[in-house]
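Let me begin by presenting the structure, written as structure tokens, before commenting on it.
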Amino acid sequence: MSTFSSTSVELSSYRDQHFKGTRTEQDKLLRLSTTLYVGNLSFYTTEEQIYELFSRCGDIRRVIMGLDKYKKTPCGFCFVEYYNRSDAENCLRYINGTRLDDRIVRTDWDAGFIEGRQYGRGKTGGQVRDEYRTDFDSGRGGYGKIVQQKLGGSDGPFGR
């Protein structure tokens with residue numbers, strides 16, 4: 001019998017562009033990883049909520065909340081590290097695409113958390129995807145950061 005399970009969750013096509021190493025090295029780490037990247041979270045989702053939902057798939061080693069690089073406030077992503085690969089696979093099967101804080105959660109394999117990756121990579125400190133967003137999303141801080149700057153306020157025309 002093969003050492004790889006035929007039911008294992010496949011790798012997505014996404015790769016961390018800031019990974020220090022080759023694509024082959026990254027793919028190997030992804031195939032062995034017990035760490036997941038979790039995206040599309042509300043800025044108001046708590047670590048406790050993450051534990052509550054994600055522990056339904058297995059024992060969690062740790063949760064690392066994504067933070068705005070400058071404000072040190074949540075910015076809509078986190079890393080969930082399980083003790084076992086099979087628990088992380090179950091999370092990808094059963095938690096990916098579910099709702100948390102009225103948002104559809106996205107999960108994907110991560111090659112392993114490294115200190116510093118908990119901070120947003122956008123110019124304004126948050127996630128890049130939130131900088132140029134033109135729609136109003138109350139769960140992710142209102143309008144995108146670039147739009148907010150152009151409008152001259154933190155929440156655009158709706159205020160706080």
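Everything numeric in this text was worked out from a predicted model, so none of it was measured.
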Beyond-backbone contact of Leu41 with Asp101, side-chain heavy atoms, under 4.5 angstrom | no

Please tell me if the side chains of Arg62 and Phe113 come closer than 4.5 Å, counting only heavy atoms from C-beta onward.
-> yes

Inspect the surroundings of NZ in Lys72 and state if more than 12 heavy atoms from other residues, nucleotides or ligands are less than 6.0 Å away.
-> yes

Between Val38 and the options Asp108, Val80, Asn96, Asp110, the side-chain contact (heavy atoms from CB on, under 4.5 Å) test singles out Val80

Going only through I, L, V, M, F, W and Y residues with side-chain contacts under 4.5 Å, is there a path from Leu53 to Ile104?
-> no

If you count the non-hydrogen atoms of other residues, nucleotides and ligands that lie under 6.0 Å from OH in Tyr51, is the total more than 12?
-> yes

Are Leu32 and Arg85 side-chain neighbours, meaning at least one heavy-atom pair lies under 4.5 Å?
-> no

Trp109 pairs by side-chain contact (heavy atoms from CB on, under 4.5 Å) with which of Glu89, Glu10, Arg31?
-> Glu89

With the side chain counted from C-beta on, respond yes when Leu92 and Leu36 share a heavy-atom pair under 4.5 Å apart, and no when they do not.
-> yes

Looking at Arg23 and Asp27, does any basic side-chain N land under 4.0 Å from a carboxylate oxygen?
-> yes

Would you give the length of the straight line joining atom OG of Ser33 to atom CD of Gln26, rounded to the nearest 0.5 angstrom?
-> 10.5 Å

Would you say Cys91 and Tyr82 make side-chain contact, with heavy atoms under 4.5 Å?
-> yes

So do Ile64 and Arg117 actually touch side chain to side chain, heavy atoms under 4.5 Å?
-> no

Strictly by modelled atom types, are Thr46 and Gln49 linked by a side-chain donor-acceptor pair under 3.5 Å?
-> yes

Donor-acceptor side-chain pairing of Thr73 and Asp68 below 3.5 angstrom = no

Aromatic rings Tyr37 and Phe79: how do their planes relate, parallel, tilted or perpendicular, breaks at 30° and 60°?
-> perpendicular

